[in-house]
Structures are given as C-alpha cells and as structure tokens.
Number of protein chains: 4
Amino acid sequence: MSFHGVFPYLVSPMRGDGSVDAAMLGRLCGHLIEAGVHGLTPLGSTGEFAYLDRAQRRRIVEVAVQAAAGRVPVVAGVAATTVAEAVAQARDWAAIGADGILAILEAYFPIAEDGVVGYFEAIARAAPDRTVVLYTNPQFQRSDLSLPAIVRLSRVKNIRFIKDAGTNTGRLLSILNAAEGRLGVFAASAHVPATVMLLGGAGWMAGPACVVPRQSVALYDACVARDWDRAMALQRPLWAMNQAFAKWNLAACIKGALRLQGFDCGAPLPPQAPLPDAGIAEVRAALVAVGAL
Amino acid sequence: MSFHGVFPYLVSPMRGDGSVDAAMLGRLCGHLIEAGVHGLTPLGSTGEFAYLDRAQRRRIVEVAVQAAAGRVPVVAGVAATTVAEAVAQARDWAAIGADGILAILEAYFPIAEDGVVGYFEAIARAAPDRTVVLYTNPQFQRSDLSLPAIVRLSRVKNIRFIKDAGTNTGRLLSILNAAEGRLGVFAASAHVPATVMLLGGAGWMAGPACVVPRQSVALYDACVARDWDRAMALQRPLWAMNQAFAKWNLAACIKGALRLQGFDCGAPLPPQAPLPDAGIAEVRAALVAVGAL
Amino acid sequence: MSFHGVFPYLVSPMRGDGSVDAAMLGRLCGHLIEAGVHGLTPLGSTGEFAYLDRAQRRRIVEVAVQAAAGRVPVVAGVAATTVAEAVAQARDWAAIGADGILAILEAYFPIAEDGVVGYFEAIARAAPDRTVVLYTNPQFQRSDLSLPAIVRLSRVKNIRFIKDAGTNTGRLLSILNAAEGRLGVFAASAHVPATVMLLGGAGWMAGPACVVPRQSVALYDACVARDWDRAMALQRPLWAMNQAFAKWNLAACIKGALRLQGFDCGAPLPPQAPLPDAGIAEVRAALVAVGAL
Amino acid sequence: MSFHGVFPYLVSPMRGDGSVDAAMLGRLCGHLIEAGVHGLTPLGSTGEFAYLDRAQRRRIVEVAVQAAAGRVPVVAGVAATTVAEAVAQARDWAAIGADGILAILEAYFPIAEDGVVGYFEAIARAAPDRTVVLYTNPQFQRSDLSLPAIVRLSRVKNIRFIKDAGTNTGRLLSILNAAEGRLGVFAASAHVPATVMLLGGAGWMAGPACVVPRQSVALYDACVARDWDRAMALQRPLWAMNQAFAKWNLAACIKGALRLQGFDCGAPLPPQAPLPDAGIAEVRAALVAVGAL
C-alpha cells in the first residue's frame with residue numbers, strides 16, 4: 001500500500017470506566033475515509049498513547065484496522081521505553097493487521113545514539129513486512145533523532161518514512177538531502193504542509209486533520225498538481241485554524257472540536273483537563289472560519 | 001514508623017528474560033539494613049521505574065517489603081501518567097505492605113496546576129493510612145512542582161514529605177519556609193546532604209547510598225549530632241564520589257558499582273547501555289577512595 | 001527604495017589593531033552589487049555587531065553607504081541594551097545615509113513586553129524617514145518577539161519588515177497572517193528561502209549570501225517567476241552548503257569562505273576563534289559543490 | 001587586602017540625563033561600610049553593567065574607590081564580549097585604584113573553551129597586581145564556566161576567587177574540591193549563604209546585601225564563629241526576603257528597596273521598567289519583616 005497524503009492522527013475515544021469507545025472510533029474512521037483521507041494513524045500524540053495501557057492500545061488498533069477494512073493504510077503507534085515492550089507492541093499490531101508502524105521512543109534517562117538506533121532497528125525487525133515510520137518530536141520527547149542516526153536508520157529496508165514533529169522546517173530538507181531518497185518525510189501540524197510538499201514531502205500526519213479532512217485533502221491535491229497559488233490560498237485559512245488549536249492540549253482540543261462536529265469522543269484522560277469554555281469558543285470560531293462547522 | 005535518615009534508592013535486579021531477580025534484591029535489602037540505613041526506596045529513578053511494567057514493579061515492592069520485615073520503612077514509588085493508574089498502584093503497594101508511597105507524576109503533555117495537585121491528592125486518598133512523599137525532579141520530568149502547589153499539597157494529612165531531585169538547594173529552604181512545618185524535606189543525590197541537613201532536612205533518598213551505606217549513615221549521625229565539622233570531613237569525599245557517579249546513566253552506574261561489591265544485579269534494561277569500561281574504572285576508583293571497596 | 005530580494009549580511013573586515021579595513025569592505029560591497037544582490041546589511045550577527053564599539057560600527061556603516069552609492073539600499077544594524085543607545089545609533093546611521101535600520105534588542109535581564117515594544121518604537125521615531133526592519137532571533141537573544149508585540153509594532157508607520165532568524169518556518173506564516181499586510185517578512189539563513197518565498201516572503205537576509213550572491217539571486221528570480229520546480233532545483237544544493245556552514249561560528253565561517261574567494265577580511269574578533277582547518281576544508285568543498293569556487 | 005565576608009553588589013544611581021549620581025553613590029558606599037560590610041562590588045548584574053557605556057562605568061568605579069578610601073576592598077566588574085575591551089577596562093579600573101576585578105564574559109556566539117580561558121587569562125595579565133574574581137552565571141549568560149576551565153584558571157596566580165551565580169549549590173563544593181585550595185568561593189543571592197559558608201565559602205556577593213547590610217554581617221559572623229544554630233536562625237528570615245526580591249528585575253528591586261530606606265538611586269535604565277506598585281508593597285513588607293525598615 002502506498003503511504004502518502006493526509007493521515008489524521010486519531011483521537012482515542014474513551015468511556016468514563018476506562019474502556020475504549022469502539023463504536024465511536026469506528027464511526028470516526030469511516031467518516032474520515034469517506035472524506036478522502038489517505039490513511040489513519042491511531043496512537044500518535046493526539047491519540048494519547050502515553051496515557052493508555054497495552055490492552056487499551058491493542059483495542060484501538062483493532063478497531064481502526066477493522067474500520068479501514070483495507071481501504072486506506074493504518075499506521076499504528078508503537079511507543080515504549082524498553083526494546084522488549086516496543087518489540088511486543090510491533091508484533092502485536094502487525095498480527096492485528098496494521099499496514100505500518102509509527103515508531104516512537106520514550107525515554108526517562110538520556111539514551112546514547114547506538115541505543116536509539118538499536119531501538120528502532122528492533123522494531124523494524126519485529127514487523128519485517130510492515131512499513132516503519134520513524135517519529136521524532138523535540139518538544140515532547142527527551143531526545144531528537146540526530147541526522148547521522150536518521151541516515152543509519154534509512155538503510156534499514158522497511159524503515160521508509162520519517163515523521164518530524166518539530167517546528168524546524170529546514171531540517172526536513174536536510175533529512176531529504178541526507179537520506180538520498182531512502183526516506184520519505186511526513187510533516188506534522190507544527191509545519192506548514194504546503195512548504196513541506198514543496199520540499200518534496202510525502203504528506204502529513206496531524207491531529208487537526210481529524211476535523212478538516214476534506215479541506216486537507218483539497219490542499220494535498222493542489223500540492224500534488226503543483227498548483228502552488230491554489231495551495232497557498234487553501235493553506236492560509238487552514239494555518240490560522242492550526243494556530244488557534246496550538247494554544248490548547250492537543251488531545252483536549254481535537255476531542256472538543258470533534259464533539260462540535262457530532263463525534264463525542266469523551267474527555268482526555270485525567271489529570272489532563274478537557275477543553276475549557278474559552279477553548280471551545282475559539283475552536284468553534286476556527287472551524288466556522290474554514291467551513292468545517 | 002518514623003521517616004528520617006538515609007533511604008537508598010534500590011536498583012531493580014533483572015534477569016535477561018525480564019524477570020525480577022528476587023533473591024539478589026532480597027540480599028541487597030538485607031545488606032543495606034545491616035549497614036544501618038533508615039529505610040528502603042524501591043522504584044525510584046535509580047530503580048528504573050520508567051522501564052518496568054506493573055507486574056515487574058509489583059514483584060519488586062513485594063520483595064522489598066518481605067526483606068525489610070518491618071525493620072525499616074519501605075517507601076515504594078508510584079509513577080504514572082494517569083490518575084487511574086497511579087491510584088491502582090498506590091492501592092496495590094499499600095496492600096502489599098509498603099509503609100510509604102513516593103508519588104511521581106509522569107507527563108507527556110503539560111498538565112495544569114489543578115491537574116497536578118489532583119493527581120497527588122488522588123494518590124494520598126488511595127493509600128490513606130500510608131505516608132506520602134511527593135517527588136519532584138526538574139531534570140527528568142516535564143514539570144516541576146511549583147511552590148504554591150506544594151503548599152496546597154502540604155495541607156493533605158498523609159502527605160508529609162517532599163523529595164526534591166533538583167540541584168537548587170535554596171529551593172529546599174523555600175519549601176521548608178512555605179510549608180511551615182507541615183512537610184519534611186528529603187534531599188536527592190544532586191544536593192550536598194550536609195547542607196540540606198543544616199537547612200532542617202529529614203534525610204536523603206539517593207541511589208549512591210546503595211554502595212556507601214555505612215559512610216552515609218556516619219554522615220547522617222554527624223549531622224544529627226550537629227557536629228558540622230565532622231559532617232563536612234565525611235561529606236567531602238562522599239561528594240567527590242557522587243560527582244564521579246553523576247557522569248553516567250544512574251541505573252547503569254549503581255548496578256556497575258554494586259557488581260564490584262559482589263551484588264550482580266544485571267544490566268539496566270535496553271536500550272539503556274550498561275556501564276562502559278571507562279565508567280567501571282572510574283567507579284572503582286571512587287569506591288576505593290571512600291573505603292567502599 | 002524598494003526592499004526585497006537578497007540582502008547579504010556583510011562581515012566586518014577588521015585589522016589586527018582593531019581598525020576597520022575600509023578598503024576590503026568597500027571592495028566586497030562592490031563585488032556583491034555587481035553580482036546582483038538587492039541590498040546590503042552591515043552590522044547583523046554575521047557582522048559581529050556584538051563585538052564592535054560605536055566608532056567601529058559607525059565606520060562600517062559609512063563605508064557600506066559610500067560603496068552602495070545609491071545602487072541598492074543599505075539596512076544597517078542598530079543593537080543596544082538601552083533605549084538611549086539605540087536611539088543614538090539610529091540617528092547616526094540615518095545621518096550617514098543608511099536607507100533602513102535593522103533593529104535589534106540586546107538584553108541582559110528579561111524585559112516586559114511594553115518595554116520591548118517601546119524600544120522598537122523609539123528606534124522608529126529616531127529615524128522617521130527610514131524603513132525599519134524588526135529583528136528577532138530566539139537562538140542568540142534572550143527573548144523572542146511575541147506575536148502580539150509584532151502586531152502592535154506593525155502599526156508603526158515606518159516599521160515595515162521583520163527578519164525572523166529562528167528555525168520555525170510556520171511562525172513566518174503566522175506573522176504574515178497576523179500583520180495583515182502591514183509587515184513584509186525576510187527569511188534568515190535558518191529557513192529554506194524557497195519555502196519562505198512560497199509563503200509570501202519579501203526575500204532573505206543571510207550571511208552565506210556573501211559567498212554565493214549569483215546563485216542566491218538566481219534562486220530569488222525563480223521564486224519571483226513562480227517557477228517552483230526550478231527554484232527547488234537551485235535550492236537543494238544551496239541548502240546543503242548552508243548546512244555545512246551552520247556547524248561553525250557564523251562570522252568565522254563567512255570570513256573563512258570569503259578568504260578562499262580572494263577577500264581577506266581578517267579573523268573574527270577574539271575570543272572568537274578563526275575557522276579551524278577542518279572547517280576550511282569543509283567550507284571549500286561546499287563552495288566547490290555550488291560552483292562558487 | 002583580604003577578600004572575605006559580605007560584598008554588596010552596588011546599584012548604579014543614574015540621573016535622567018544618563019549621568020552617574022556620584023553623590024548618591026558615595027553616600028550609599030559610606031552607609032554600607034559603616035554598617036560593617038567587608039567590601040564593595042560596583043558593576044555586577046545589580047549594577048546594570050550591561051546597560052552602561054565605558055564612561056559611565058568608569059565614573060562608577062572612581063566614585064566607589066574614593067568612597068571606600070581604603071577601608072574595604074573594591075572589586076569592580078569588567079564585562080565585555082572581546083578580549084580587547086576587557087583588557088582595557090581591567091587596566092583602567094586598576095589604574096583608578098580598584099583592589100580587585102570581577103571578571104565577566106559576555107557572549108553572543110558560543111565561545112570554545114580555549115577562548116573562554118584565554119579571555120579570563122588576558123584580564124588577569126592586564127591587572128597583574130590585582131585579585132581577580134571569576135564570575136559565572138548560567139541564568140543570564142550564554143555559557144557557564146566548565147569545571148575543567150575553572151581548574152585551568154585556578155592555576156593563574158592572581159585569579160583567586162570565583163563567584164558562582166547559579167542555583168546549584170553542590171557545584172560550589174565540586175569547585176572547592178577541584179581547585180584544591182587555589183580558589184575561594186563567593187556565593188550569590190541564589191544560594192543560601194549559610195550553606196555555602198558550611199561548604200567552606202569565603203562570603204557572598206549579592207545585591208540584596210545593599211538593603212540588609214547589618215543583618216548580613218551578623219549572619220556572616222555567626223558562620224565564622226561556627227555557631228550554625230544562630231546562623232540558621234538569622235538565615236531563615238533573610239532567605240524569605242531574598243525570595244520576595246527574586247520575583248522582580250534585580251536592579252529595579254534593589255533600587256526600589258533603597259528608595260524606601262532613603263537612598264533615591266533613580267530607576268533602572270529603560271527599557272527596563274521600575275519596580276511596579278505591587279513590587280514596592282512586597283519589598284516594603286519584606287524589609288519590615290527583617291527589621292530593615
């Protein structure tokens with residue numbers, strides 16, 4: 001399956017008793033696919049992976065795979081502090097039928113570069129017939145993948161993409177230059193997607209795409225058509241919305257926005273707070289401004 | 001049980017198959033108690049709590065409680081990103097017989113102060129007849145407890161201590177001043193214990209105390225006797241050792257040092273690296289210099 | 001005079017006795033103008049403004065203005081910790097004949113937002129018939145201009161541009177959106193110029209343009225022609241060169257590269273070190289790769 | 001002259017026209033010496049060195065030296081980005097009669113360790129018969145002096161002290177251990193003075209000592225007498241005052257406090273703001289609490 005285009009980071013709809021709201025998650029997946037998105041990404045930051053235990057994570061991958069039903073690829077997040085736990089998750093998600101693995105390293109103590117590289121290699125070996133997307137996020141993680149580490153990992157056969165969740169857009173061109181075609185790059189919500197597409201990006205993985213799937217696909221299509229003026233005309237209002245969202249806890253914000261659109265996915269798990277009234281008002285205005293409400 | 005004095009942060013001895021080496025942990029606990037330490041602290045940073053699943057953590061608390069056999073208090077680490085998981089751990093450790101809870105908040109997204117306070121209050125309610133020690137570590141955690149949050153928490157009946165793992169020693173006097181006697185303060189290995197005792201501290205919780213228990217107790221006794229000249233004479237070489245240790249991954253370093261003393265506790269869990277040869281040589285020299293080898 | 005296109009940040013050629021090498025600076029300015037650059041920027045970071053006293057800075061502005069001789073605009077850096085010193089420099093540079101002021105706030109203690117805004121307003125008032133370019137650099141300065149502060153300043157008549165020296169390219173679109181046409185944006189060497197031009201940028205101010213003026217102008221022309229495929233073809237090798245430069249002290253690197261091109265501008269002022277041999281080799285290779293040597 | 005005890009960091013009293021208020025500075029120096037302080041330190045952070053030009057700095061050193069009249073040593077701040085400027089200041093202050101030099105490195109670009117060491121060595125050579133006090137402040141400066149750099153500098157004959165303005169008190173013991181008696185350590189206002197004296201400190205250099213000179217000297221005397229219980233009884237309220245001060249711009253706060261005590265030293269130089277009303281109220285309460293108003 002080709003990996004390109006708009007991959008919404010799915011929220012994780014949870015009930016008050018800690019169980020996954022599978023019906024709501026399935027409904028959301030179906031809605032996004034009908035809106036034209038090119039893939040689904042459960043268990044990213046927006047999906048609160050850091051707040052879920054293994055059973056909860058497993059259930060979310062199951063539901064997303066079933067809902068996608070082969071129509072679009074599902075790239076499921078693997079996140080752990082130990083190699084052993086990461087390998088177990090990767091095997092499990094592959095067995096469930098995920099098409100790709102979004103590989104995330106959580107750390108408490110700093111890890112030397114060989115350890116970092118070994119962690120991602122172990123995930124790739126654990127799911128040898130799945131595409132691995134490296135994930136790097138300098139803001140919420142203890143360490144950023146260095147360029148030399150990325151180049152080493154780009155030589156692993158099934159590591160084929162990187163999702164960079166930083167704000168340094170120039171670094172994406174550095175990665176593309178350094179990996180010499182062996183790695184595709186997905187943008188995050190902290191980058192302007194049109195600029196990343198100009199640099200040669202494959203698409204973007206982002207929480208806000210959950211609430212503006214059609215608008216995101218239109219922007220992607222303009223970029224692929226290399227109609228950059230149209231792309232920028234679509235990009236400007238989407239970026240304004242993105243900025244409005246960036247003030248709030250990511251999961252709380254997307255869950256709050258989805259509720260306004262008729263998808264009640266519950267609140268983020270405590271001690272995270274739900275979106276406050278001021279946030280709801282701001283998110284509502286942002287959605288209206290882009291025609292998503 | 002009175003909480004004061006030297007509480008070594010226990011390493012977590014693990015076998016290659018991921019199981020806890022209960023025999024070795026029990027032997028280490030016995031050795032430390034015979035050396036005079038005043039308490040045991042499993043599942044601190046040194047204990048690699050961030051790398052262990054619930055079953056592994058549970059086993060470690062069980063073994064420490066059995067080994068202590070009521071001779072000294074056991075303060076077991078509770079660490080989670082969600083309130084639900086923290087409450088479950090706290091209930092479990094209390095049921096096993098831990099005398100106190102070291103309460104640690106892990107975070108991925110920033111948490112608002114009310115959420116932070118609510119998290120620690122929930123732990124205190126979950127183990128109402130156990131003493132709770134707040135843990136704050138600006139270096140390895142996303143957020144530091146603010147002084148106003150500490151004051152709010154000091155009013156909870158069974159929250160009676162705080163362990164500050166930062167390097168800002170003046171902050172400890174600020175906490176003591178602000179909590180007006182309601183919170184005792186334990187130092188961490190990043191503070192000079194003698195200075196914290198001068199400020200009115202209750203003792204220290206630190207990984208290096210695993211390998212210099214007798215020397216640590218002698219220093220504590222000098223401080224309690226207010227013989228500050230003797231305290232500083234004992235403190236200087238211990239601090240030099242502490243500095244030598246601080247260059248390395250904490251768990252790797254203490255496990256490496258314990259192996260030199262005859263306690264083979266295995267390696268830290270991958271992708272953490274074991275202590276390299278240069279580290280072994282430096283740690284050996286540091287132990288010899290303080291008479292611990 | 002219109003402000004747009006490629007503005008090289010000039011190095012400050014200094015003799016060993018601390019005097020400005022006016023002949024060399026004049027020759028460099030002439031060379032760059034003949035190569036097609038659209039403006040000159042003395043006393044930016046590359047120009048070591050932070051290492052020069054008022055008399056040295058004054059001399060550099062004089063020489064640049066004389067060398068430009070009205071062919072391209074000269075935007076001279078004003079940098080100070082106090083309003084009084086900034087105002088004196090701005091008046092002085094305007095009297096000498098600089099066409100614009102690059103306004104830089106140096107800080108030791110954090111400054112409240114009203115103080116920051118007042119500082120830039122005072123510069124604008126001190127040179128009322130000159131165009132002011134705000135400068136913000138989160139990497140080397142204590143504070144970044146906030147978006148609300150930028151919007152306030154965009155309402156000052158002769159504040160017409162901002163040069164953002166951070167790496168967060170998305171922020172440039174946020175600034176353009178927020179200032180609603182009242183501020184043009186210049187990119188820095190930490191941004192990929194083609195992406196900033198796509199977002200609607202006015203051009204770029206950058207030290208490396210000193211050594212690749214023709215290549216930079218060709219890239220600018222492709223962007224203005226909206227021939228984005230050609231732009232990216234020109235951009236990729238220039239970015240690789242930029243990355244090679246980014247490893248080294250900026251002034252040392254550009255001075256070292258210029259020496260290879262026949263412009264001996266001396267060493268950066270001590271305690272800055274000149275470009276080491278490894279740097280010279282790397283810079284030479286980078287220049288050869290883009291046809292600049 | 002022996003360097004030990006309480007050295008207030010002097011504020012720089014300025015008139016609205018930018019001239020030094022020599023009469024007020026002289027009166028303040030006399031008042032402090034009569035209160036028993038052991039030295040005077042013009043042109044530290046509190047003295048706004050970063051906001052003053054050479055002529056203003058020169059005048060302040062002159063007035064302080066005249067006012068001290070040999071009764072206590074004057075340690076004057078030398079602060080620059082270049083070796084040349086630092087050397088010129090050091091020679092000038094020595095010629096005026098300063099007893100010591102507080103050596104401060106300002107930086108814009110990061111400086112390699114050899115450059116840092118060379119900078120301080122050049123100052124020491126420029127004032128060979130004056131005592132040099134190294135200054136390091138991780139909070140307001142781009143770089144902190146590393147322990148190896150400090151050890152190298154401790155071997156220079158007239159570099160005899162270090163003033164560490166960080167918050168990491170344990171680092172002071174590391175410095176004392178590493179310099180093996182060749183360097184004395186002065187604490188800053190971010191450390192609890194009693195703890196630094198316990199570690200073997202020589203005294204402290206701090207802005208707040210301007211407003212509590214007698215209380216500071218009493219604390220120093222208790223430490224020297226090794227009466228640590230009395231020292232802590234004096235220390236606790238002084239630390240509470242120190243904390244109240246730490247919320248505000250340092251120069252604004254000390255100038256505001258001095259005005260309440262009858263020393264009108266003007267406002268800090270714009271764009272710094274004067275102490276706001278809330279700050280005046282808090283500072284007044286803090287002074288009353290320690291008997292300084």
Side-chain angles (χ1 to χ4, degrees), chain A residues 138-139 144 146-148 164-181 185 187-201 204 206 208 222-223 225-247 286 289, chain C residues 138-139 144 146-148 164-181 185 187-201 204 206 208 222-223 225-247 286 289:
Chain A
Q139 188 186 356
D144 207 9
S146 75
L147 212 50
D164 180 302
T167 60
N168 182 345
T169 304
R171 195 172 121 99
L172 301 187
L173 183 50
S174 302
I175 291 171
L176 285 165
N177 274 349
E180 298 174 336
V185 166
S189 54
H191 299 287
V192 180
T195 62
V196 177
M197 294 302 294
L198 179 66
L199 295 178
W204 57 97
C223 292
R226 310 197 77 65
D227 184 347
W228 297 105
D229 291 339
R230 181 156 61 95
M232 279 308 300
L234 295 165
Q235 179 67 82
R236 278 184 205 97
L238 281 178
W239 185 251
M241 186 200 84
N242 204 61
Q243 268 186 273
F245 280 30
K247 291 185 200 167
Chain C
Q139 190 185 355
D144 206 9
S146 75
L147 211 52
D164 181 300
T167 60
N168 182 346
T169 304
R171 195 172 121 100
L172 301 187
L173 183 50
S174 302
I175 292 172
L176 284 165
N177 274 349
E180 298 174 336
V185 166
S189 54
H191 298 288
V192 179
T195 61
V196 177
M197 294 302 293
L198 178 67
L199 295 178
W204 57 97
C223 292
R226 310 197 79 65
D227 184 347
W228 297 105
D229 290 339
R230 181 157 61 95
M232 279 308 301
L234 295 165
Q235 179 67 82
R236 276 184 206 98
L238 281 178
W239 186 251
M241 187 202 84
N242 204 62
Q243 267 186 273
F245 280 29
K247 291 184 201 169

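What you see is a predicted model; the values in this text were computed from it and never measured. Below, chains carry the letters A, B, ... as their sequence lines are ordered, and counting in each starts from 1.
- Neither the backbone nor the side chain of A/L176 comes within less than 4.5 Å of any heavy atom in chain C.
- Nearest heavy atom pair, residue C/C223 against residue C/A231, reads SG-CB, 4.0 Å.
- When each of A/L198, A/T195, A/V192 is checked for heavy-atom pairs under 4.5 Å with chain C, A/L198 comes out on top.
- Under the side chain to side chain contact (heavy atoms under 4.5 Å, CB included) criterion, A/N177 pairs with A/L173, C/R236, C/W239, C/A240, C/Q243, sequence neighbours left out.
- Listed by first then second residue, pairs satisfying salt bridge (charged side-chain N to carboxylate O under 4.0 Å, His left out) with a partner in residues 164-176 of chain C read C/D144-C/R171, C/D164-C/R171, not counting sequence neighbours.
- Of the possible polar contacts, one joining the A/N242 side chain to the A/S189 backbone as a donor-acceptor pair under 3.5 Å is found.
- The greatest number of non-hydrogen atom pairs below 4.5 Å with chain C, out of A/V196, A/L199, A/L147, is found for A/L199.
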